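Report on one structure; see the data block that follows.
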Amino acid sequence: MSKPYIVSYDLDNPGQKYNELKKIIDAHSIHWCRYLDSTFLIRTNDSADDILQALKAVIDSNDCVFIANISNTDYSGWLIDKQWDYIRNNILY
């Protein structure tokens, strides 16, 4: 069964592989959205470690990545209604 995750990253050096990182996240996601810079919300069948192992192909040792399973019952934020609708219908269902 798929689960919702937050994937947040900080690629420290200029010229990092942002497009490649996005492609890997896309490949490991059933649904994803990116309403904040350097943060994705995804729904996937993979574990957090599976996602990290895939991302290691495009990140350097000085980059930072945080991946965590998120609750679909306790969340809050400041987004427009269209964004919340997408998240509730595709990520946190």
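Since the model is a prediction, treat every value here as computed from it, not as a measurement.
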**Study point:** Gap separating the CZ atom of F66 from the OG1 atom of T39, nearest 0.5 angstrom
**Key:** 10.5 Å
Check your understanding: Would a 4.5 Å heavy-atom cut-off, applied to side chains only, mark L92 and I70 as touching?
Key -> yes
Review point. With a cut-off of 6.0 Å (strictly less than), are more than 12 heavy atoms of other residues, nucleotides or ligands near NZ of K22?
Key: yes
Review point. Sequence neighbours excluded, which residues qualify as side chain to side chain donor-acceptor pair (under 3.5 Å) partners of D26?
Key: W32
Review point. So among I91, L41, I42, which one has a side chain to side chain contact (heavy atoms under 4.5 Å, CB included) with I6?
Key: L41
Revision key, fill the gap. Between E20 and V58, the two heavy atoms sitting closest are CB-CG1, 3.5 Å
Check your understanding: Taking atom NE2 of H28 and atom OG of S47, what is their separation to the nearest 0.5 Å?
Key -> 10.0 Å
Review point. Shared ILVMFWY cluster between F40 and I51, side chains joined below 4.5 angstrom?
Key: yes
Exercise for review: Sort and list the pairs that fulfil side chain to side chain donor-acceptor pair (under 3.5 Å) and have at least one residue in residues 64-76, not counting sequence neighbours.
Suggested key: S71-T73, Y75-R88
**Study point:** For Q16 against D63, the heavy-atom pair lying closest together
**Key:** OE1-OD2, 3.6 Å
Practice item. Identify the heavy atoms of L52 and I67 that sit nearest to each other, and give their distance. Key: N-CD1, 3.6 Å
Review point. Can you get from L21 to Y5 by hopping between Ile, Leu, Val, Met, Phe, Trp and Tyr side chains that sit under 4.5 Å apart?
Key: yes
Exercise for review: Quick one: closest heavy-atom pair of I24 and A54, and the distance?
Suggested key: CD1-O, 3.4 Å
Point to revise | Aromatic ring pairing Y9/Y18, orientation class (parallel under 30°, perpendicular over 60°, tilted between) | key: tilted
Review point. How far apart are the closest heavy atoms of S2 and R43, and which atoms are they?
Key: O-NH1, 2.8 Å
Revision key, fill the gap. For N90 and H31 the tightest heavy-atom approach is OD1-CE1, 3.2 Å
Point to revise | Cluster link L36 to I87, ILVMFWY, side chain under 4.5 Å | key: no
Revision key, fill the gap. d(N45 CG, K3 NZ) to nearest 0.5 Å is 8.0 Å
